[in-house]
Amino acid sequence: MTGKTFAFFLSAMLFAATSFAGHSGTVVYDIDLNVEKDSQKAALWLPYPLSREHQKISNVAVKGNYDSVAVYRDAASEAVFLHADWAKIAEKPSLTFSFHVDLEDRKVENIVDSKGPIPKPVERYLEASEFVPSDDLGIKEIAAKATEGKTGTLEKARAVYDWVVENTFRDPAVKGCGLGIPGQTLTQCKGGGKCADISSVYVSVARAAGVPARDVFGLRLASPSDGDITSGFHCWAEFYLPGTGWVPVDPADVRKMMLVHKLELKDAGDWRKFFWGGDDLFRVVLEKNSRGVILEPRQQGDPVNYLMYPFAQVDGKTLNYFDPKTFVYSVSYKAD
């Protein structure tokens, strides 16, 4: 599909919305790609948010000076993304992407373990991969230690949550949300990192303990006022519990609140309770599970570790989304 302005609704993929009495507003990405005078072509990929439980996405619109734009899905990683292409750069590539979101509280109030089997479609979230190394001997040892004496999915999921909270810490020096490499977080960084690092530790250790788990990548909205949310990208995790379904957990935000409020572990009980089984109201999910993403059209280089930030390449070279000098973009939110 080509043209200067592209707008559409992904109605066929929307879940039926019942009552969204929570929070709503419009998210806008403004992206400018810094290119050299002799640059030939550019490509941009953005996570494409979908309506799902607790959120409804509508009024999706894209405009810019691109040559073509389309939406794709990578079946292996489950990532859904917008791709824009500048086949021959004539001016500075720019794109604006916007959508309206209606949110409701994600808190799971009644967490019940039916003791039933893991459904077949969920078994994939027990598998190890390059990006979720749950078969690593060190991670398997951690899982065994963390869940010693625990039985059943719920007990083990909670034990892993407690272990991650107690054995990681938020490192403000880490850029963005971190690299999301569990082994590096646990060894080289001695448990320190940001939300992608800490959440990926939870997912890997949970899978090693036999608990289905996956990463969640999203945005914190400017709750409840309008504002710039470029620094609001955030990662958390979910585990699957027979009898309940997917349950959100956020050990990284426990550690963040401990740092912000200068709390010791013994004083963090309220935050540990709050981020177990739910999160604050003002988050929009961009992607779930999207690790090791093969983009379409195929990006140059290796699979993308996780898809959350805008991802761009100029003449096949990846721009650093942590460096605003080479990759200029902003994200804003306006509440209804």
Side-chain angles (χ1 to χ4, degrees), residues 47 77 79 125 128-143 145-146 157 159-209 211 213-220 230-239 248-260 263 265 268 271-272 275-276 279-280 283 285-293 302-311 318 320-323:
S77 68
Y125 302 104
S129 71
E130 176 185 355
F131 304 95
V132 187
S134 55
D135 57 352
D136 178 90
L137 289 179
I139 289 176
K140 292 183 76 171
E141 289 174 1
I142 289 171
K145 180 179 179 181
V160 173
Y161 175 79
D162 288 335
W163 187 93
V164 175
V165 168
E166 293 165 11
N167 291 275
T168 61
F169 64 93
R170 181 176 174 84
D171 183 353
V174 171
K175 290 185 177 180
C177 290
L179 299 178
I181 304 174
Q184 181 172 310
T185 301
L186 292 169
T187 55
Q188 298 177 29
C189 301
K190 303 185 186 305
K194 289 275 189 72
C195 56
D197 306 308
I198 295 172
S199 295
S200 67
V201 168
Y202 179 87
V203 173
S204 288
V205 176
R207 291 190 186 186
V211 176
R214 64 188 181 190
D215 298 276
V216 184
F217 303 98
L219 270 170
R220 304 180 197 270
T230 309
S231 62
F233 289 99
H234 183 55
C235 318
W236 60 102
E238 293 178 335
F239 71 91
V249 293
D250 196 344
D253 256 7
V254 178
R255 296 304 311 200
K256 180 177 181 178
M257 292 300 102
M258 288 175 61
L259 181 65
V260 169
L263 300 176
L265 272 170
W271 290 116
R272 291 171 79 154
F275 289 113
W276 165 258
D279 56 49
D280 59 89
R283 296 183 185 184
V285 173
L286 298 177
E287 298 282 353
K288 292 192 177 187
N289 195 57
S290 56
R291 306 297 302 269
V293 182
D302 297 331
V304 179
N305 183 349
Y306 64 86
L307 186 63
M308 179 175 67
Y309 294 100
F311 184 90
T318 301
N320 183 356
Y321 45 69
F322 290 145
D323 184 358

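For Thr318, the side chain to side chain donor-acceptor pair (under 3.5 Å) test picks out Gln313, with sequence neighbours left out.
One distance of note links CE of Met257 with CG of Asp250; it measures 9.0 Å at 0.5 Å rounding. To the nearest 0.5 Å, atom SG of residue Cys177 and atom CE of residue Met308 are 3.5 Å apart. One distance of note links CD1 of Ile181 with CG of Asp197; it measures 8.0 Å at 0.5 Å rounding. Within the model, atoms NZ of Lys194 and CG of Asp171 stand 7.5 Å from one another, a figure rounded to the nearest 0.5 Å. Interatomic distance, Cys189 SG to Phe169 CZ, rounded to the nearest 0.5 Å: 7.5 Å. Note: Leu186 CG to Gln184 CD = 10.5 Å, rounded to the nearest 0.5 Å.
Between Asp253 and Arg220 there is a salt bridge, with a side-chain nitrogen of the basic residue lying less than 4.0 Å from a carboxylate oxygen of the acidic one.
Counting only heavy atoms from C-beta outward, the side chains of Pro133 and Ile139 approach each other to under 4.5 Å. Taking the side chain as every heavy atom from C-beta outward, Ser200 and Arg291 approach each other to under 4.5 Å. Side-chain contact between Phe217 and Leu307 is absent, with no heavy-atom pair separated by less than 4.5 Å. Asp215 is not listed as a side-chain neighbour of Tyr306, based on a closest heavy-atom distance of 4.5 Å or more. At a threshold of 4.5 Å between non-hydrogen side-chain atoms, the residues Trp271 and Leu263 count as touching. With contacts defined as side-chain heavy-atom distances shorter than 4.5 Å, the pair Leu265/Glu166 qualifies. Residues Pro248 and Val216 are not in side-chain contact: their nearest non-hydrogen atoms beyond the backbone lie 4.5 Å or more apart. Contact annotation: the side chain of Tyr309 approaches that of Phe233 to within less than 4.5 Å [non-hydrogen atoms, C-beta and beyond].
Checked by atom type and distance alone, the side chain of Arg170 never pairs as donor or acceptor with a backbone atom of Leu259 at under 3.5 Å. In this structure a side-chain-to-backbone donor-acceptor pair under 3.5 Å is present from Arg207 to Ala213. Between the Tyr125 side chain and the Val211 main chain, no donor and acceptor come within less than 3.5 Å of each other. Checked by atom type and distance alone, the side chain of Asn305 pairs as donor or acceptor with a backbone atom of Leu179 at under 3.5 Å. At distances below 3.5 Å, not a single donor-acceptor pair connects side-chain atoms of Thr185 with backbone N or O atoms of Gly193.
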Checking ring-ring contact (aromatic ring centres under 6.0 Å, His included) for the pair Trp236/Tyr161: CA distance, chi angles, key distance, verdict?
CA-CA 12 Å; Trp236 60 102; Tyr161 175 79; over 10 Å; no
